[in-house]
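Contents: one structure, followed by commentary.
When a ligand or atom number is given, it counts from 1 through the structure's own listing order.
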Amino acid sequence: MSSETITITDNRTGKQYELPIEQGTIKAMDLRQIRTGPDDFGLMTYDPAFQNTAACRSRITYIDGDQGILLYRGYPIEELAEHSTFLETSYLILFGELPDAAQLAAWTHEITLHTMLHENIKKFMEGFQYDAHPMGILLSTVGCLSTIYPDAKRISSEESRRLQIRRLIAKVPTIAAWAYRHSIGRPYNYPDNDLSFTGNFLNMLFKMTELKYRPHPVLERALDILFILHADHEQNCSTSAMRGIGSSQADPYSALAGAAAALAGPLHGGANEAVLRMLKEIGHVSRVPDFISRVKRGEGRLMGFGHRVYKSYDPRARIIKRTADQVFAVTGRNPLLDIALELERIALEDDYFVSRKLYPNVDFYSGLIYQAMGFPVDMFAVLFAIPRTAGWLAQWDEMLRDTDQKIARPRQIYEGAAKRPYVGIEQR
Ligand code: CMC
């Protein structure tokens, strides 16, 4: 028994139970021994939305929500955003250590090698409605990849897992770019493997008739920083979906399609799209106080504010705000920025937001940058899914190696009708 324990007294029976506390946690299964009778199943915890339940042990990402700290494999997000690249950071997240020069060159080469999509995938994507939302295209096309790579079902083979990881990190940007080209009715651009990861992505998005696309270095770097910031965020909604689906031993393409679906919602990866729509709806700085009053009356939320884990300023939001200045120096200032700054100023002084510890999150400013770079709002969640692919895969791989894990299967409190006989239609 661990040296730290908690004693629970069952007032119904007077019995006492001593439960070990390890890493600030008690095991929910230890509560099962608390019963009142032989038919009693044992005590459960009720935790809708997993607000206070650790569903796994992880070595990937650390968040201290009160202090506003985010570390990938121990490295502060601020240092990675300043010195690293997305591909290097994704290697770190997936394999636990920063690569040396040879490892990074090999990793970059492997990813570059896998950027092409099977021509049948192109035909599959061409079948979408002309105005299909790119996020819908992305998640269904990723699911479709499971039919192209049936070998991905061999999830217990480390070699196969590594291959699918490389394929997914390389191919998701191609699918994302083609989803965008499809939505604007332009031909799909093939990857240019001379370019960097983000440079090639910009090429597939924006190349027109020029023979060689040359990304603007400031925008290429800004996108790379945004990708680093979004690469992982421990057990969020989409990552939990990835782990949950993966726990049934589904192939990673199917699991990642589910994770992307979870990301599509406005409370998660769709939030920056919602921020832009909100800023547009507010329309002018003078209308900010009225909008804040409406939020306080419960008539909607201040999108891009608040977080389940951060109860202080999201460290990613601070980096994004700096990156925005560099992008606007190239693209021109996004006119909605003034409304965003005023919203932030008022909200950070207002007791409603201060008392609930609601601060700007990663999505509050990212949409403004994406819009200034020429992305339509429909693409914002897709831009989140590209880097998060690295995090989803790292968490999936970790889950499959974890001997504590089984198929995810929460319990419920049943509140429906008790057993009763079937009633024929003529008697109802
Ligand atoms: N605007 C106004 N009030 C808010 C907001 C907001 N954005 N967020 C939370 N609140 C209030 C909420 O009404 C509640 O008040 P009360 O206690 O009076 O009922 C209190 O703050 C606690 O909120 P909650 O809904 O219990 O908090 P949660 O941890 O369940 O929700 C959240 C977290 C991110 C879903 C929520 O803050 C939210 O809806 N934010 C807006 C959407 C958004 O920006 N999402 C992006 C999250 S970061 C990117 C990512 O991880 O995907």
Hey, which atoms in ligand 1 end up nearer than 4.0 Å to a heavy atom of Ala271?
-> 43 (C), 44 (O), 45 (N), 46 (C)
Taking only non-hydrogen atoms of Gly304 and a 4.0 Å limit, the atoms of ligand 1 in range are 43 (C), 44 (O)
Matching residue for Tyr91 among Tyr72, Phe197, Trp107 - test: ring-ring contact (aromatic ring centres under 6.0 Å, His included) | Trp107
Give me the nearest non-hydrogen protein atom to [atom] as residue plus atom name, then the distance to 0.1 Å.
atom	value
atom 9 (C) of ligand 1	Leu358 CD2, 3.5 Å
atom 34 (C) of ligand 1	Gly306 O, 3.6 Å
atom 3 (N) of ligand 1	Tyr352 OH, 3.1 Å
atom 45 (N) of ligand 1	Leu267 O, 3.2 Å
atom 41 (C) of ligand 1	Phe305 O, 3.4 Å
atom 48 (S) of ligand 1	His307 CD2, 3.5 Å
atom 13 (O) of ligand 1	Arg301 NH2, 3.4 Å
atom 17 (O) of ligand 1	Arg356 NE, 4.0 Å

In sequence, state the C-alpha distance, the side-chain angles, and the governing distance for Tyr17 and Thr7, and then conclude on side chain to side chain contact (heavy atoms under 4.5 Å, CB included).
-> CA-CA 5 Å; Tyr17 301 85; Thr7 304; over 6 Å; no
Determine, for Phe41 and Arg35, whether the Lys NZ or Arg CZ falls below 6.0 Å from the six-membered ring centre while staying within 45 degrees of the axis.
-> no
Is it true that the NZ or CZ of Arg356 lies under 6.0 Å from the centre of Tyr352's six-membered ring and within 45 degrees of the ring axis?
-> yes
Is there at least one protein heavy-atom neighbour under 4.0 Å from [atom]?
atom	value
atom 15 (O) of ligand 1	yes
atom 26 (O) of ligand 1	no
atom 50 (C) of ligand 1	yes

Between Asp314, Val295, Leu302, flag the one that comes closest to atom 6 (C) of ligand 1 by a heavy atom.
-> Leu302
Heavy-atom proximity to atom 42 (C) of ligand 1, best of His230, His268, Met303 | Met303
I need the contact type for [X] against ligand 1. Using non-hydrogen atoms and a strict under-4.0 Å cut-off, is it side chain, backbone, both or neither?
X	result
Arg308	both
Asn361	side chain
Gln51	neither

Measure the acute angle between the ring planes of His182 and Phe128, then classify it against the limits of 30° and 60° as parallel, tilted or perpendicular.
-> perpendicular
May I ask you to check whether [X] and [Y] place their ring centers less than 6.0 Å from one another?
X	Y	answer
His233	His307	yes
Tyr359	Tyr310	no
Tyr180	Phe201	no

side-chain hydrogen bond (donor to acceptor under 3.5 Å, both in side chains) test vs Asp232 passes for just one of Arg388, Arg73, Gln395, namely Gln395
Around Gln51, counting heavy atoms of other residues, nucleotides and ligands shown, do more than 12 lie under 6.0 Å from its CD?
-> yes
Short N-O contact, Arg401 and Glu158, less than 4.0 angstrom | yes
